[in-house]
Structure formats: structure tokens, C-alpha cells
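All values derive from a computational prediction rather than experimental measurement.
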Amino acid sequence: MQALLDVILPVFLVIGFGYVAVWTKLFSQAGVEGLMKFTQNFAIPCLLFDAIASLDLSATFDLKLLGSFYIGATTGFLAGFLGARYFFRRNLEDSIAIGFCCLFSNSLLLGLAITERAYGPDALEANFAIIAIHAPFCYGLGVTVMEIARNRGGGITGTIGKVFTAMFRNALVIGIMLGFVVNLSGLPLPGAVQDAVDLIVRAALPAALFGLGGVLYRYRPEGDLRIILYVCAVSLILHPAVVWGLGRVNGLSTEAFRSAVLTAAMAPGINTYLFANMYGAARRVAASSVLIGTASSILTIWVWLAVLP
């Protein structure tokens, strides 16, 4: 109960404030869109830039950590795709989009916030290692499979081009890449620039969580309840369970193990809807999975926190 009150509840209260503010029309949808553009295109890229620029790369980028997490994520994608295709009888493109819902956990807005609340800012190094390749890996897998399935874009060259376009137009990926440039070059930022980045970083997570609440109001559930619950089960239970097992087999440190399992245990992120909308596939399932998965994760995260070392 204490974990719920001290760790989970504050995060979801901020999300709830955003939801209620939009519901009661105290905050407009246009305001939400502006806030999310600020957080996703500027504030969170600055957060990732700052984190990657100061990471000890040799100590943080552990192949056992990344392998445990991303094998679990790929398992989620396959479970979502195969379940949608053969159990729920969805068409091929819908099945891929639903697989993407089970692949792309909310590693940023929820994963960082929950891990920091539970274990402190010093526990986030493994989170940042996972996040550094999260968007490239997930978009690379999802876009590649979708483009192959649709058989468009000029063959293999067109497919590769679409994958790179989807990844490297993403502000989060740009922030990560710039962080690597600073880290590997060893060049310090001027003091005034670092202070400005720090100011933006402090606003990133609170503003993003509030904006997420407003976004979730727009994505109210509509039909397809059985497959939405299936997506939530894969995302909130299967993915972290696989990561748990692999993390134990690979002998991850306690800190890395916690970060990997908690990140895997997060609800589907907003990017799942963006992917579905980009291809016009399973948009209703993706949108409702984000909302219901986020609400359900209040309880499932509590359970994972209780059983983690």
C-alpha cells in the first residue's frame, strides 16, 4: 500500500489532473496539442540529450540488459501480431499495428517517472540505456514489417528509406544522437547552455504527464474490448514476465533488473497510436489500448513493485 501511495499515485494524479482539466474544458485540446509538442519535440529530447551526454557508456550499455529487454519486447510484438491474426482474425496490417501496441511500452513518460519515484534519480542509468535505442528499435521493427507486408515503396530500397525516415525525423532520436555526439567527443557544453538545458529538463516529465492525461481523454474506448484487453495483458504481464526470466538467467544487477522489468511493465505508449494512424490500421484498438492500459497499469505496476527485489 505504501508503494502505491508514495510511488504510483503521484504520477497518475498528475495524469488525472490533465484528464480532468480537458474533460471540464479548463484546458483546451489545442492547449494539449501545444503542450505535447513542447514536451515531445523539445523538453524530453533535451532530457534524453542531457542524460546520454553524461552517461558512462561502457558501464551502462550492457548487452545482457538490452538483450533481456528487447527479446521481451519482440516476444510482445509476436504475441500481439499472432493473436490478432489467428485468434481475433484481423487483417495483416491491423495485426502488425496491434503487434506494435504490444511492442512499444511507455518507457519515457511512465517508465522514467515510476522508476525515479521508486528508486531515485540515480537508478535511471539503465532506463536511459534502454530508451536510447527504444524508438529506433521499435520503429525499425514495426515499419520494416509493415512495409514488407504492404509490398510498396520501391522494394527493399524504398523500405529501408521509410524505416530511416520514420526514425530520424523523430525529435527523441535526434536528442539521443546529439547526446552521443557530446558524450563521445568529450566536449563540455558552455555553462549558460547547460543551465538552459537543465531548466527545460526540469519541466519535461511533469508537463508531459499532465499532457498525457489530456491526450488520453481524446482516446476514449470504443468497441473491440476483447482484443484491447488482450493487448493490455501482453503489455502489462507477458512482456515484463519475459524480461524478468531473461534478466534472472543473464544475471543482471539489481538496479538494471529493476529498470528493465519496470520499463517492460509500462502501458502502451502514445507512439502506438501514431504508428497505427500513420498506416490507417487498428487505430481504435491502439487508442483505446493506450487509455485502458494506462489505467490498468496502476494496479499491475503496484504488483511488479511489490515483487521486485
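Contact between Ile301 and Ala265 at its shortest, heavy atoms only, is CG1-O, 4.3 Å. Counting all heavy atoms, side chain and backbone alike, Ser259 lies closest to Thr115 at OG-CG2, 4.1 Å. In plain terms, the two heavy atoms of Pro45 and Thr39 that are nearest each other are CD-O, 3.5 Å. Across every non-hydrogen atom of Val231 and Pro268, the tightest pair is CG1-CG, 4.3 Å. In this structure, Cys46 and Val197 approach most closely via the heavy-atom pair O-CG1, 4.1 Å. Across Val22 and Tyr217, no two heavy atoms sit closer than the pair CG1-CD2, 3.6 Å.
Although no hydrogens or angles enter the test, the distance criterion places a donor-acceptor pair under 3.5 Å between the side chain of Trp304 and the main chain of Leu236. For the pair Ser28 (side chain) and Gly31 (backbone), a donor-acceptor distance under 3.5 Å is present. Judged purely by atom type and a 3.5 angstrom limit, Ser297 uses its side chain to pair as donor or acceptor with the backbone of Thr294. Formation of a donor-acceptor pair under 3.5 Å by the His239 side chain with backbone atoms of Gly76 is not found in this model. Side-chain N or O atoms of Asn250 include one that pairs as donor or acceptor with a backbone N or O of Leu246 at under 3.5 Å. A side-chain donor-acceptor contact under 3.5 Å links Ser185 to the backbone of Val182. Judged purely by atom type and a 3.5 angstrom limit, Thr272 uses its side chain to pair as donor or acceptor with the backbone of Gly269.
Contact check on Arg90 versus Asp224 returns a salt bridge, with a Lys/Arg side-chain nitrogen under 4.0 Å from an Asp/Glu carboxylate oxygen.
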Check against side-chain contact (heavy atoms from CB on, under 4.5 Å), Leu112 and Ile131: CA-CA 9 Å; Leu112 285 179; Ile131 290 168; 3.8 Å; yes
Tyr119 and Leu308: CA distance, side-chain angles, deciding distance, side-chain contact (heavy atoms from CB on, under 4.5 Å) verdict: CA-CA 11 Å; Tyr119 304 114; Leu308 279 169; 3.8 Å; yes
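Using a 3.5 Å distance cut-off with no hydrogens or angles, the side chains of Asn127 and Glu116 do not pair a donor with an acceptor.
Rounded to the nearest 0.5 angstrom, Leu82 CG and Ser95 OG are separated by 8.5 Å.
Between Phe210 and Phe27, the ring planes lie perpendicular to each other; the angle is over 60°, past the 30° to 60° tilted range. Using cut-offs of 30° and 60° on the angle between ring planes, the pair His134 and Tyr70 is tilted.
When each of Phe77, Tyr139, Phe81 is tested with Phe100 by the rule ring-ring contact (aromatic ring centres under 6.0 Å, His included), just one qualifies, namely Tyr139.
The 12-atom threshold is exceeded at CZ of Phe88, counting heavy atoms of other residues, nucleotides or ligands nearer than 6.0 Å.
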